[in-house]
Amino acid sequence: MSYDIPFEIQAEIMKRLPVRSLIQFRSVSKQWKSLIDSSDFISHYSSQQQHLLTRYVNLGSLHPTYLSIVDDHTFPRHRASLTLPLPVNLLTNCEIIGTSSGLLCLYGPVSESVMAVIWNPAIRKFVAVSVRNLTFRTVLGFGVCRETADPKIVKITCKDDREDVESVVEVFTLSSRAWRNPGTNLPRKSIKLFGSQVVDGCLYWLATDRITTDGGFNLSNIIISFDMTSEEFREVNLPDDLSRLRGIKLSLSKVRESLVVVEDVRHGVEAIWMMDDGVSKSFTKLFTVNVNTPPAQVRRFRGFRKTGEPIIEVVQHNLHGQLVVYVPDSEHVEELEIDGKKFSFSVFSYVETLLLLDQPNLIIRYRQQVT
């Protein structure tokens with residue numbers, strides 16, 4: 001890049017470059033390093049390069065493999081194994097909470113505590129956070145605030161039906177490096193949450209509400225959202241047909257920045273519903289996934305490409321599973337040549353980002369923010 005080009009134009013050009021090039025350019029000049037390392041450049045940088053993170057356990061192995069596949073016109077040829085940060089390797093039974101703005105959040109037990117790890121795989125930076133007071137009624141969510149670019153972990157412990165107590169909500173923000181009570185609570189007292197997705201600055205959980213009636217009780221499915229900026233909860237009602245289903249028949253996903261509800265219609269058949277602009281009860285059925293494989297095989301929905309094509313795990317008679325892409329127009333599948341142990345697959349989409357570039361790799365012990 002010529003030094004005859006005004007620096008303001010150089011900065012605009014850099015905003016369009018891939019992360020790998022920017023990391024290399026930091027070594028070219030002090031001026032470029034200062035620009036790329038600035039909080040303003042980091043928070044406003046937005047790469048168009050999307051990846052699919054695929055986690056699975058190889059046959060004959062006990063530990064998961066993390067594979068990143070470039071999700072563009074070359075898909076699925078360009079792929080690479082990811083090197084995990086040390087704190088993730090220390091976790092046992094590690095789970096992925098979610099992805100947001102190019103960051104992944106994983107958590108799991110380590111020694112006698114629980115740790116969450118916020119990780120940027122594009123630049124190999126991480127922040128590990130101690131998490132306390134987890135119970136079987138606790139759910140976690142992860143997202144990056146649109147206004148501040150501040151990563152947040154949300155921890156919700158739903159009330160016990162046998163106790164007359166409120167649910168407990170805590171939020172960790174990287175900027176404060178501490179947990180705090182946001183001052184808001186769930187809109188209903190009797191709900192149980194499961195699953196989470198972050199879409200367009202809001203976290204979403206599926207929820208089952210226990211409604212008491214004269215003859216006993218009924219269960220109703222709703223969606224609970226948490227705005228990452230205002231830190232307020234609200235309800236999103238599902239269409240009547242979905243609200244009455246057993247909770248295990250539903251799961252949340254996303255296509256680009258649209259929330260999707262996946263309905264398990266019957267063995268190997270899923271209906272894909274997309275929420276219309278966050279409007280309660282306004283969902284459009286996109287299509288039904290009906291993978292044409294032998295009846296003895298088991299299918300599990302795992303995620304979406306950025307094109308909206310579902311990614312399915314197909315399980316054989318033995319311990320073997322493989323990933324395929326379902327093409328709705330032709331109702332055929334395309335193999336990804338990724339094989340592993342059955343039911344060990346998970347798929348998450350993420351974009352390249354510079355978030356965490358201005359942060360040291362560190363482990364944050366549990367601390368509550370004083371208000």
Side-chain angles (χ1 to χ4, degrees), residues 1 6-51 53 68 71 85 97-106 116-129 141-154 171-180 182 196-204 225-232 254 256-258 306 348-364 369:
M1 192 180 296
F7 187 72
E8 292 77 11
I9 297 179
Q10 294 182 34
E12 289 302 315
I13 294 173
M14 286 188 181
K15 290 179 182 178
R16 293 162 173 78
L17 296 177
V19 166
R20 178 177 296 183
S21 298
L22 293 175
I23 297 302
Q24 294 172 342
F25 285 176
R26 294 169 72 241
S27 303
V28 173
S29 73
K30 292 182 179 180
Q31 190 177 31
W32 284 1
K33 184 178 187 304
S34 177
L35 169 69
I36 296 169
D37 289 356
S38 67
S39 57
D40 183 71
F41 188 89
I42 291 172
S43 61
H44 288 93
Y45 174 78
S46 179
S47 171
Q48 300 303 312
Q49 185 63 73
Q50 188 157 321
H51 298 255
L53 173 74
S68 179
D71 192 6
I97 300 174
T99 66
S100 179
S101 299
L103 300 181
L104 283 72
C105 188
L106 310 90
V117 181
I118 303 171
W119 173 36
N120 184 336
I123 60 174
R124 301 181 180 181
K125 297 295 290 291
F126 72 85
V127 174
V129 182
F142 169 74
V144 176
C145 178
R146 288 179 301 178
E147 302 299 324
T148 63
D150 196 6
K152 297 184 179 184
I153 302 173
V154 180
V171 177
F172 172 87
T173 54
L174 182 56
S175 60
S176 68
R177 300 187 181 181
W179 292 89
R180 59 180 171 77
S196 72
Q197 283 290 339
V198 60
V199 176
D200 197 25
C202 285
L203 271 168
Y204 295 90
S225 71
F226 179 80
D227 190 297
M228 300 294 289
T229 301
S230 66
E231 298 189 343
E232 294 179 345
K254 65 179 176 181
R256 294 175 290 275
E257 283 303 306
S258 295
K306 71 175 184 179
F348 296 84
S349 64
Y350 72 96
V351 295
E352 294 183 358
T353 182
L354 290 175
L355 294 176
L356 301 188
L357 182 62
D358 55 348
Q359 298 283 337
N361 290 334
L362 78 161
I363 298 176
I364 300 175
Q369 184 174 339

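Scope of the values below: all heavy atoms of this structure, side chains included, with no hydrogens, waters or symmetry mates. In this chain, residues are counted from 1 in sequence order.
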So, do R146 and D200 sit near enough that their side-chain heavy atoms are less than 4.5 Å apart? yes
Mind listing the closest non-hydrogen atom pair of E352 and V19 along with its distance? OE1-N, 3.3 Å
Less than 4.5 Å apart, any side-chain heavy atom of S349 and any of Q50? yes
Does S38 reach the main-chain N or O of L35 with its side chain, forming a donor-acceptor pair under 3.5 Å? yes
So which atom in H51 and which in S68 form the shortest heavy-atom distance, rounded to 0.1 Å? ND1-OG, 3.1 Å
Is the closest side-chain heavy-atom distance between I23 and L357 below 4.5 Å? yes
Audit row: R177, L362, side chain to side chain contact (heavy atoms under 4.5 Å, CB included) steps and yes/no: CA-CA 11 Å; R177 300 187 181 181; L362 78 161; 3.5 Å; yes
Using 0.5 Å steps for rounding, measure from the CD atom of Q197 to the OG atom of S225. 14.0 Å
When every non-hydrogen atom of L203 is compared with those of G141, the smallest separation belongs to CD1-C, 3.9 Å
To the nearest 0.5 angstrom, please state how far the CD atom of Q48 sits from the CZ atom of R16. 10.0 Å
Within this structure, what is the CZ-CG distance for the pair F348 and L106, rounded to the nearest 0.5 Å? 8.5 Å
Atom of I36, atom of I42 and distance for their closest heavy-atom approach: O-CG1, 3.5 Å
What's the verdict on side chain to side chain contact (heavy atoms under 4.5 Å, CB included) for S101 and L355, showing C-alpha distance, side-chain angles and the deciding distance? CA-CA 8 Å; S101 299; L355 294 176; 4.0 Å; yes
Let me confirm one number: the CD1-CG distance from I123 to L103, rounded to the nearest 0.5 Å. 8.0 Å
With a 4.5 Å limit on heavy-atom distance, are the side chains of K15 and E12 in contact? yes
Just so I know, are the side chains of Y350 and L104 near enough to count as touching, which here means a heavy-atom distance under 4.5 Å? yes
Audit row: L356, W119, side chain to side chain contact (heavy atoms under 4.5 Å, CB included) steps and yes/no: CA-CA 8 Å; L356 301 188; W119 173 36; 6.0 Å; no
Residues, nucleotides or ligands: over 12 heavy atoms within 6.0 Å of E257 CD: yes
CD1 (I364) and CG (L174) are apart, to the nearest 0.5 Å, by 5.5 Å
Contact summary for S39 and D358, nearest pair of heavy atoms: CB-OD2, 4.3 Å
NZ of K125 to CG of N120: how many Å apart, nearest 0.5 Å? 8.5 Å
Any side-chain heavy-atom pair of E231 and R180 under 4.5 Å: yes
Tell me whether the rings of F25 and W32 are parallel (<30°), tilted (30 to 60°) or perpendicular (>60°). tilted
Can you see which heavy atom on P85 is nearest to which on F126, and at what distance? CB-CD2, 3.5 Å
Which of V144, T99, I118 passes side-chain contact (heavy atoms from CB on, under 4.5 Å) with C105? It is I118
In the structure I gave you, are the side-chain heavy atoms of K254 and Y204 within less than 4.5 Å of one another anywhere? no
